[in-house]
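Worksheet: one structure, shown below.
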Amino acid sequence: GLGDHLPYVTFFIAVAITTWVGGLGPSLAAVLLGALASNWFFMSPRHTLGIVGAMHQLGYAAYFAVALSIVGLGEAWRKAQRRAETLLSDLRAELSLRERVEEALRESEAHLAQELADTKLLQNISVELVKEDCVEGLYEKIIEAALGIMRADFASMQMFYDDRGERGNLRLLAYRGFNEQAAKFWEWVHVDSDSTCGMALRTRQRVIVPDIEICAFMAGTEDLATY
């Protein structure tokens, strides 16, 4: 056995494990407790804290030197690990930010490309206004352009006739997304119509209905059923 000559060696493993698991404070406590325990239980005279003899004093100093080296190395490793984790976290945050910036850039480029396409479409329509001999064909091109620019599923184009009725009527010129029944029903929109166009005709204001199912002025009307 180690006897009285190297009693401290048995505590190095405990110091190393405590340093690995607990950190600086617990590891220093383990070093101190290991020194006291070895001096109390293993060194002669036992059950005292006195250090007798040069050999024991040298062993005591060597124990502290090695144990504190273990603690120092362990703490250095823990600090290096924390730095590595911090750097990794910063790197992930930077990559995430870069991905968001790149995504925003791609969306911006797509938006600009779409705006350019819409501008060219409007330019072509302007040219067609001069060249087109058939008015109905021009209406169709305008409604197609509006449908594309607004990214809509439905579209209609109407003309106001102020000589029809007391406050005028709206006539459907072109449409997309309507069935034949709806197109026929709204071919002429009167001032007493319960559609959004009828309300705009009555109020002479822009009318927006987010949900026709809960629209008060359409409730129970034929217009709602046609929608």
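Predicted model, so just to flag it, every value in this text is computed and none were measured. This chain uses plain numbering: 1 for the first residue, then up along the sequence.
Separating the CG atom in Asp211 from the CE atom in Met218 is a distance of 10.0 Å, to the nearest 0.5 Å. Put simply, CG on Leu147 and OG on Ser156 are 10.5 Å apart, with the number rounded to the nearest 0.5 Å. Rounding to the nearest 0.5 Å places CZ of Arg100 at 11.0 Å from CG of Leu95. In this structure, CD on Glu187 lies 10.0 Å from CG on Leu173, to the nearest 0.5 angstrom. A distance of 5.0 Å separates CG of Asp223 from CG of Asp194, quoted to the nearest 0.5 Å. Atom OG of Ser195 and atom CD of Glu222 lie 11.5 Å apart (nearest 0.5 Å).
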Item checked: Stepwise side chain to side chain contact (heavy atoms under 4.5 Å, CB included) test for Val209 and Ile212 -> CA-CA 6 Å; Val209 177; Ile212 60 173; 4.0 Å; yes

Next item on the list: Decide yes or no on side chain to side chain contact (heavy atoms under 4.5 Å, CB included) for Arg176 and Glu144, but give the supporting numbers first.
Entry: CA-CA 8 Å; Arg176 288 291 183 277; Glu144 283 289 349; 2.7 Å; yes

Next item on the list: Applying side chain to side chain contact (heavy atoms under 4.5 Å, CB included), run through Leu201 and Arg204 and close with a yes or a no.
Entry: CA-CA 5 Å; Leu201 187 61; Arg204 297 297 196 268; 3.8 Å; yes

Check: Taking it one step at a time, do Tyr139 and Met159 satisfy side chain to side chain contact (heavy atoms under 4.5 Å, CB included)?
Finding: CA-CA 11 Å; Tyr139 294 157; Met159 180 179 290; 3.5 Å; yes

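For Arg92, the CZ atom sits in a loose shell: 12 or fewer heavy atoms of surrounding residues, nucleotides or ligands are nearer than 6.0 Å. In the displayed structure, Gln181 atom CD is contacted under 6.0 Å by at most 12 heavy atoms of other residues, nucleotides or ligands.
Residues Lys184 and Glu180 form no side-chain contact, since every pair of their non-hydrogen atoms from C-beta on lies 4.5 Å or further apart. Between Arg206 and Ile208, some side-chain heavy-atom pair lies under the 4.5 Å cut-off. Inter-residue side-chain proximity for Thr196 and Met199 is flagged as unmet; no heavy-atom pair is nearer than 4.5 Å. In this structure, the side chains of Val189 and Asn169 stay at 4.5 Å or more apart for every pair of heavy atoms.
Residues Val191 and Leu224 fall within the same hydrophobic cluster, defined by Ile, Leu, Val, Met, Phe, Trp and Tyr side chains chained together at heavy-atom separations under 4.5 Å. With hydrophobic clusters built from ILVMFWY side chains whose heavy atoms lie under 4.5 angstrom apart, Leu73 does not share a cluster with Trp77. Cluster membership for Met150 and Leu172, using ILVMFWY side-chain heavy atoms within less than 4.5 angstrom, is not shared.
In this structure, the side chain of Ser89 does not engage the main chain of Glu85 through any donor-acceptor pair within 3.5 Å.
The pair Arg98-Glu94 counts as a salt bridge, with a side-chain nitrogen and a carboxylate oxygen less than 4.0 angstrom apart.
Closest heavy-atom contact between Ala183 and Phe178: N-CB, 4.4 Å. The nearest pair of heavy atoms linking Phe217 to Val207 is CZ-CG1, 4.4 Å.
The six-membered or imidazole ring of Tyr161 lies near that of Trp188, with a centre-to-centre distance under 6.0 Å.
Arg82 and Thr86 share no donor-acceptor pair across their side chains, judged by distance under 3.5 Å alone. Looking at His111 and Glu107, their side chains never bring a donor and an acceptor atom within 3.5 Å of each other.
In summary, of the residues considered (Phe154, Phe185, Trp186), a ring-ring contact (aromatic ring centres under 6.0 Å, His included) with Tyr227 occurs for Trp186 alone. Tested against Leu112 for a side chain to side chain contact (heavy atoms under 4.5 Å, CB included), the candidates Gln114, Glu109, Glu115 yield a single pass: Glu115.
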